[in-house]
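These numbers were taken from a predicted model, which means no experiment stands behind them. Counting from 1, the numbers follow the sequence of the chain as shown.
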Amino acid sequence: MLDKRRSEQGAVTVFLIVIFAAVFAFVAIFIDFARMSALQARTEGLAHAAARSVLSAYDKQLLEKYGLFAFGETDENYLMSKVLQDNFQLAIRSDDLPILGAQLDSSAVELLRPLGYYSVFRRQIREEMKYKAPVDFAIEVVNKFKPISQIMKEASNTVDLLSKLQRLYDQREDKLDQLLSAQKQAASSAKGYTDRLSRGNYTYIPDHLLGGRIRLIADAASQYNDYLAKAEEDRDREPSERIYSELLEDYRNDTGRVFRGLSQTDQEAAAQHAQQLSSARDLLEGIREINEQMRLVIKESESRTAQHGYDSVSRGLSIGGDEAVSGEAEIAEIRGRSEDLLLQTTLLEDLEAGIEAQEASFNSAHQAVVTLLTKSSAIGAASFGSASGFKSETVHASREIDRYLRTYSDPGSGNALQQVQTKVEAHRSSDAQRKQTEQQAAAELKHAFSLLRQIEELKNKMGEHQKQFDVLRSYFDNNRALNQDHSAETGQSIRGRNPDPYEAGEQAMGGMDVLYASLSEMMSGITDNGYQTEYVVSYFDFFDVSTLKELMEGRSDKLDAMIEQFAPQRQEVEYILYGFHNPAGNVAAAYGEIFTMRLAIRTMEGLIKHASKVNPLLILASALLYGVVEAVKDMVRLCQKGGLQLSNYLRVELTYRDHLRLFLLLHGTSDQRLSRMLSVVRFNTGINPDERATYIQGEVTVALPLWFLPGVSKAIGSAGALQGRVEGSRYYAVKQAHYSY
C-alpha cells in the first residue's frame, strides 16, 4: 500500500517548477522582444546614417562651379557596406556587455532622380538662390526701375493710345479722300453734257439759217425757225418740186445725231453719278464708324490692365533709390488732346448734306435733259411747236448743266467740293510733317536693323564655333528626351524687327508692360522665374559687348579677333536665354532686345521733348523718331562703355548684365531653358547631369541571434505581431532610408 503522506510531499515542488517554467518562458520571450526592438531602432539609425554618408560623396566640381549637388563617381554599394561594417566593428569594440550581438546581413543602394530631371534641377536652384536672389534683384534691378515707373506708365498708355488712333485716323482719312474722290468722279461724269449742250448762263438763242454746222443742241434750236419755214414752203409743193428736201433731211439727221449723243451721255452720266454717290454714302458710314471706334479707344485708354504692374512697382518698398522722375503730367496732357483727332459732328453732317445736295442738283439737271430729250422725235417731225419752246427747253437744260458743273466740277472758290476739301484739310494741317517724320523714323529703323543683321551674318564665318554649338544641341536633345519633352524647340524670336515705327514703338512699350508686370510679381513673392533668372546671371558667363565696338562703329578691320569671342563658353547666358544653336543668333537677339528696350525709354523722353507740338500724332511720330535715333546711339555706347545711363531723366547705370537679367525675367521660365542650362553645365564640366543621381534609396538587413524560444518568436511573427522576420534561430530586421540633396 502507498504511503499517503509520502505521495503528497513532491506536489509543491512540481507546482513551483511549472509556475517557474511559465514565468521563465514569459520573461525569456520579452527579453528577446526587447532585443528585437533595440535592433529595429539601431538598424533604423544605421540605415539613415549610411544613406547620409553615401550622399556625402557628392561631386565637388558641380558644387564649386554651379552650386549643385549630385552623387559623384564612387561605388555607392561599396560606400554603404563600408559605413555599416565600420559601425558594427565599432559597436563590437565598444560594447562592454554585448547584449545584441547583431551582424550585418546585407545592404543595397539604389540611386534615383538624376539632376537632369526638371523638377530636381528646379528645386536645387530654388534652394541655392532662396536667400540671395530676392535681395540682389531688389537692390540691383527693381530699385533702378522704380523711379521711372509712373512716367513709363504714362508713356506706355500714350503710345498705345496714339498708335491705335494713328491706324484708325489713317483709315478714316483714306475713306474721306475716297469719299471726296467719289463725289468728284460723279461730278466729272456730267462733263460729257458739254459735248451737246453749250455752257454759260445765257437766256437767248439767236436764229440762224439752215445749212450751218449742228454740233450742239443750241445749234439745232437756232436753225429751227428756218427749218419750220422751209418745211412749210415745201409742204405746199409737189414732191418733185420741193427744193428744200435735202437741206431739211440734213437738218433732221444732224439734229437726231446730236440728240442721240445727248441721250447716251445722259444715260452714262446718270448711271455713273448714282454709283459714285452710293459709294460716297457707304464711305461716309464707314467714316462715322471709324470715328466712333476712335472715340471708344480714347474712352478705354485709361483703364488698361497693363497699368497695374507700374503702379505696384511704384508703391513697392524702395531701398535707397532715387526719387520718382517727373514728367508724367506732360505726357498725360498729350493723351488728353487725342480728342482733337476726332471729326466734329458738324463736319460729318456737312458731308452728308453735301452728298444730298449734289444728288439733288444733278437730278435737276438730269430732269431738264430728259425733258428736252422727250421732244426730240417731235423736232424731226416739225411738230415740236414754236422755236421759242425748243429754245427755252435747250436754254433751261444748258443752264442746269452749267450750274451743276460750276458748283461741283469747275475749279475755284465757288466749287462746293473744293469748299469741303478745304474744311477737311483744316484738321490735316500737321499730316504732311507727320508723314515726313514717319519716313525718317522708318529709315532710322532700317539702319538699326542693318546693324543687327551684321551681327547675325557673322555666323557664316564661325565653322569651329558652330561645331561646338552642335555638341550643345545634342546635349540639349538628350536632356529633353530624358524628361520626355517632345515640344517643338525654336530659338526665341528676335524682337523689334518691324519696319513700321508705330508698331515698333507699340512692341517696345508692350515689352515694358510685361517687364513691370514681372517686376511686380517678383516684389509680391519671388517665383521660379526669379530664382532661375538670378541663378543664370550668377553662375554662367555672358558676352563681352566691347567685342562689337568696331562693328557698331562701322569698322570691320578686326573681324577675325571678334569672331574668336563668339565661342559658346563666352555667351552662355545669351544661349540659355534665346536658344539659338549658332554662334551669332543669341548675341544678335540680345542686342535686338536691348534696342527695343532703349526705344521704349527714349520714346518716353521724346514725348516730353516734343509735348509742345499741337497735333498728338505729330508728337508721337516725332517721339518715335527721337527714340529710334537715340536707341541706335545707345547700341554704340553700350559697346564702348559696357553700360548705359537708364534715362536722361534718371542717371542710373544699367550694365549689359542688367539687361540680360531683365530679359530672362521678361521671357519667363520654360523647360527648354532648363535643358539649355543643363547642356551648358555638361559642356563645361564633362559631367552629364542626366546620369548623376540626387536621391538615394538604401536598404539594410541586420541579423540577431535569438537567445530563447525561436520557435515561439517565429510563431508570433507569423501572426503579424513582429516587425522583421525569424528564420531558424535568427531574427532579421530590414530598414530603408530615403534621402536627397
Side-chain angles (χ1 to χ4, degrees), residues 18-58 69-72 74-114 119-120 123 127 692-741:
V18 171
I19 296 298
F20 178 77
V23 171
F24 177 79
F26 185 77
V27 172
I29 290 173
F30 268 95
I31 290 172
D32 273 348
F33 264 76
R35 294 174 67 230
M36 292 177 198
S37 297
L39 183 66
Q40 287 283 343
R42 183 175 179 185
T43 304
E44 180 91 22
L46 284 173
H48 285 279
R52 289 194 300 268
S53 297
V54 172
L55 287 184
S56 67
Y58 53 79
F69 284 93
F71 189 73
T74 311
D75 188 321
E76 65 276 10
N77 287 296
Y78 168 76
L79 280 176
M80 186 80 162
S81 62
K82 182 71 168 63
V83 169
L84 291 171
Q85 288 288 2
D86 289 347
N87 270 277
F88 277 104
Q89 291 296 327
L90 179 62
I92 292 172
R93 292 196 302 270
S94 61
D95 282 351
D96 294 331
L97 182 62
I99 297 175
L100 292 180
Q103 295 179 342
L104 176 65
D105 182 74
S106 65
S107 64
V109 177
E110 186 177 6
L111 295 176
L112 303 168
R113 302 179 190 175
S119 58
V120 174
R123 187 182 69 251
E127 287 297 317
R692 293 301 181 88
T694 63
Y695 185 93
I696 184 174
Q697 179 177 303
E699 183 176 283
V700 178
T701 304
V702 178
L704 172 73
L706 296 175
W707 287 350
F708 310 101
L709 304 174
V712 176
S713 298
K714 184 174 183 179
I716 295 173
S718 299
L722 283 180
Q723 292 183 349
R725 70 182 188 275
V726 177
E727 293 181 3
S729 62
R730 298 170 70 86
Y731 170 75
Y732 294 89
V734 181
K735 290 295 180 181
Q736 289 186 343
H738 299 256
Y739 273 96
S740 67
Y741 291 115

Calculate, to the nearest 0.5 Å, the distance between atoms CD and CG belonging to Gln40 and Leu704 respectively. 10.0 Å

Restricting to non-hydrogen atoms, name the atom on Leu111 and the atom on Ala693 that form the minimum distance, rounded to 0.1 Å. CB-CB, 3.5 Å

In terms of heavy-atom contacts, Val109 and Glu76 come closest through CG1-CG, 3.6 Å

For Ser107, enumerate each residue passing the side-chain contact (heavy atoms from CB on, under 4.5 Å) test, keeping only those at least two apart in sequence or located in another chain. Met80, Ser81, Leu84

Going by salt bridge (Lys or Arg N to Asp or Glu O under 4.0 Å), name the residues that satisfy it together with Arg725, two or more places apart in sequence or in a different chain. Glu727

Atom of Gln103, atom of Val702 and distance for their closest heavy-atom approach: O-CG1, 3.3 Å

Residues forming a salt bridge (Lys or Arg N to Asp or Glu O under 4.0 Å) with Glu44, sequence neighbours excluded: Lys735

The reported gap from CD in Glu699 to NE2 in His738 (rounded to nearest 0.5 angstrom) is 9.0 Å

Mind checking side chain to side chain donor-acceptor pair (under 3.5 Å) for Tyr741 and listing every partner two or more places apart, or none if nothing turns up? none

With sequence neighbours left out, write down each residue that passes side-chain contact (heavy atoms from CB on, under 4.5 Å) with Gln85, or none if nothing qualifies. Leu104

CG (Asp86) and NZ (Lys82) are apart, to the nearest 0.5 Å, by 3.5 Å

Looking at every heavy atom in both Gln697 and Leu112, which two are closest together, and how far apart are they? OE1-CD1, 3.9 Å

Return all side-chain donor-acceptor pairs below 3.5 angstrom for residues 49-58, not counting sequence neighbours, or 'none' if the list is empty.
residue: Arg52; atom: NH1; partner: Tyr739; partner atom: OH; Å: 3.0
residue: Ser53; atom: OG; partner: Ala49; partner atom: O; Å: 2.8
residue: Ser56; atom: OG; partner: Ser53; partner atom: O; Å: 2.4

Do the non-hydrogen side-chain atoms of Val700 and Val734 ever get within less than 4.5 Å of each other? no

If you compare all heavy atoms of Ala70 against all heavy atoms of Arg692, which two are closest, and at what distance to 0.1 Å? CB-CB, 3.7 Å

Rounded at 0.5 Å granularity, tell me how far CD1 in Ile696 sits from CD in Glu110. 10.0 Å

Ser740 meets the side-chain contact (heavy atoms from CB on, under 4.5 Å) criterion, sequence neighbours left out, with Arg123, Tyr695

Name all residues meeting the salt bridge (Lys or Arg N to Asp or Glu O under 4.0 Å) criterion together with Glu127; count only those two or more places apart in sequence or in a different chain, and write none if there are none. Lys130

Kindly indicate, with the supporting measurements, whether the criterion side chain to side chain contact (heavy atoms under 4.5 Å, CB included) is fulfilled by Phe71 and Thr694. CA-CA 6 Å; Phe71 189 73; Thr694 63; over 6 Å; no

